[in-house]
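Worksheet: the structure to be examined is printed underneath.
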2 protein chains.
Amino acid sequence: MTSPAKGSGAVNERPQYVRISDLLRDRIASGSYGVGALLPTEGELCREFRSSRHTVREALRLLTTAGLISCRQGSGCRVMAAVPHQNYVHAMRSLDQLFQYASDTRFFIEKTEVAVPEPGNFPDIGTDGAEWLIVRGLRLKRDEDIPICASTVLVNKTYTDIAEDLATGAGAIYRRIEKRFGVEVAEVVQDITVTSMPARAALAMSLTQTDVAVQVRRRYLDKDKRVILASVNYHPADRFSYTMQLRREGAKRPWS
Amino acid sequence: MTSPAKGSGAVNERPQYVRISDLLRDRIASGSYGVGALLPTEGELCREFRSSRHTVREALRLLTTAGLISCRQGSGCRVMAAVPHQNYVHAMRSLDQLFQYASDTRFFIEKTEVAVPEPGNFPDIGTDGAEWLIVRGLRLKRDEDIPICASTVLVNKTYTDIAEDLATGAGAIYRRIEKRFGVEVAEVVQDITVTSMPARAALAMSLTQTDVAVQVRRRYLDKDKRVILASVNYHPADRFSYTMQLRREGAKRPWS
DNA sequence: CAGTGGTCTAGACCACCCC
DNA sequence: GGGTGGTCTAGACCACTGA
């Protein structure tokens, strides 16, 4: 039960650091080390398990990766959760995969202006009287005239100068802003609902207001949760499809 | 440029292992170490950077975590990708967050049978002539009669016995199967489209076939990609809303 | 200031892969 | 068998935290 590894003969067990990690895991799960509490120091754990510091640290690293503890130089390792976090993730290499636009689309700009957006359309962006750069346009399948969606993009006034670039070149607006201003989109919130087609979108796509539309709204936030850019897109419902794939990650034991 | 750490005076730089990791990163990004190739051995890296093996391994660990390399005992560390993976993740602690059902809903079963599903409705499940346990029902807001959606659930014949449990107790079907049969949902694929309300769903929810419906299909796969369970849900469009939040993770440098 | 975790060295044995 | 990465030890200096 104590020390199987090292130079002793039979080593056909799991590594020591895994066993230590599992043991600590159990203590955390059972509440022996409650959430918010400090773990014993590395030195104490070394003595308890009669292991070197490196081995103990390896065990702590596993717990850190699992999100169970968080260590800070000078103070100690604190229990953050009793069970591992993040069971399923929808991962993507780039935001483009979120949008699921085929690479052969282009964005045709109808109008660009700096104005105060009429309220009601963007209830959750905090557009209370502030001015935004408003870009309206159509996303088209390249080399065809089939519109994918009608878009309205609201750009934070800080980045208004991006308007100069939009006429030329290509690429998503958010990525151009990232490049030109050196900011980073840290978070995107997207929601999908079904509505009827608004007048402007219907006109732009040669549809009528009785047609059904899928409204996709997105907010792009920087690390301080400021809105860099927001967009509202109306898709003809019969052409809309959204697929996502989630896979399980981490956390094997505490769920059986 | 060579060795700043250790006992030498000024140590106010980033740790050695970070610098080594960054350097290797650059070589991978630039193609010096191409995708699929083997990295130099740990011993060689130790000599090149005049560092201990521990330090080099720490650097390699960073690259492993970033998904850039993959190391195997006996053979070596292989370059897996030139740029980090998984830039944005939609993380959730449980699949329930994917479905976004409020906790105060219940599932009312109308009918349970073992049969061959009519084709056309489930094109991508591989239901070619095989029998499935088919469960039809309504998801309701608890203590009210407002239906949230009409559901058809197809359970792999392996788990047909779960039918016995469904009449009693509560909980999502997938989770009951997990518990009873000791399997694990390793992956979920979900897609969202807009259609008209099918006859059966319209009837069940006191709607008409001219009403607009949001169709949400899901496949639950085990680790071998076998379908454990699939479901098709029809939501009244005016009550449907789907929100997701993605945050950036890892991978800071190669995107500017 | 004492004590913590973060980094680093030098050396060792082992399990695994490939020749 | 020879070389690889995986695990482990013993000891050291440093940066940070908190009293």
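In what follows, every chain begins at residue 1, and chains take the letters A, B, ... in the order their sequences are listed.
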As a test of reading the structure: which of [options] is closest to the side chain of [X], going by heavy atoms?
X: Q16(A); options: dT17(D), dT9(C), dT9(D); value: dT9(D)
X: S52(B); options: dC8(C), dC8(D), dG6(C); value: dC8(C)
X: T55(B); options: dC8(C), dC8(D), dT17(D); value: dC8(C)
X: Y17(A); options: dT7(D), dT4(D), dC8(C); value: dT7(D)
X: Q73(A); options: dC17(C), dG6(C), dT9(D); value: dG6(C)
X: P15(B); options: dG5(C), dT7(C), dC16(C); value: dT7(C)

Nearest-Å distance, [atom1] ([X]) to [atom2] ([N])?
X: H54(B); N: dC8(D); atom1: NE2; atom2: P; value: 14 Å
X: R61(B); N: dG6(C); atom1: CZ; atom2: C1'; value: 13 Å
X: E58(B); N: dG6(D); atom1: CD; atom2: P; value: 13 Å
X: I69(A); N: dG6(C); atom1: CD1; atom2: C1'; value: 14 Å
X: L62(A); N: dT7(D); atom1: CG; atom2: C1'; value: 13 Å
X: E42(B); N: dT7(D); atom1: CD; atom2: P; value: 11 Å
X: R19(A); N: dG6(D); atom1: CZ; atom2: P; value: 20 Å
X: E44(B); N: dT4(D); atom1: CD; atom2: P; value: 7 Å

Relative to the 5' end of DNA chain D, which residue comes earlier, R78(A) or G43(B), by the nucleotide with the nearest heavy atom?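 Looking at the nearest nucleotide for each, G43(B) comes out on the 5' side.
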
Quick check: on DNA chain D, is the nucleotide nearest S51(A) upstream (toward 5') of the one nearest P40(B), or the reverse? Name the residue that is more 5'.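 It is P40(B) whose nearest nucleotide is closer to the 5' end.
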
Determine whether any donor atom in the side chain of R53(B) lies under 3.5 Å from an acceptor atom in the base of dG6(D), or the reverse, and answer yes or no.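 Such a pair exists between side chain and base.
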
Output yes when R176(B) and D165(B) qualify as a salt bridge under the 4.0 Å nitrogen-oxygen rule, no when they do not.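 Judged by the 4.0 Å cut-off on N to carboxylate O distance, R176(B) and D165(B) do not form a salt bridge.
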
For the pair E42(B) and R61(B), find out whether any cationic side-chain nitrogen is under 4.0 Å from an anionic carboxylate oxygen.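 No, E42(B) and R61(B) are not salt-bridged.
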
Evaluate the criterion salt bridge (charged side-chain N to carboxylate O under 4.0 Å, His left out) for residue pair E48(B) and R27(B); output intermediate values, then yes/no. CA-CA 14 Å; E48(B) 175 179 355; R27(B) 290 188 191 165; 2.6 Å; yes

R226(A) vs E187(A), test: salt bridge (charged side-chain N to carboxylate O under 4.0 Å, His left out). Steps then yes/no. CA-CA 10 Å; R226(A) 282 188 298 255; E187(A) 189 178 326; over 6 Å; no

Using a 4.0 Å heavy-atom cut-off across all strands, classify R57(A) as base, sugar-phosphate, or nothing.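 Base, at least one base atom sits under 4.0 Å.
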
Point-to-point distance, once rounded to the nearest 0.5 Å, from CG of L62(B) to CD1 of I20(B):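 It is 10.5 Å, given to the nearest 0.5 Å.
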
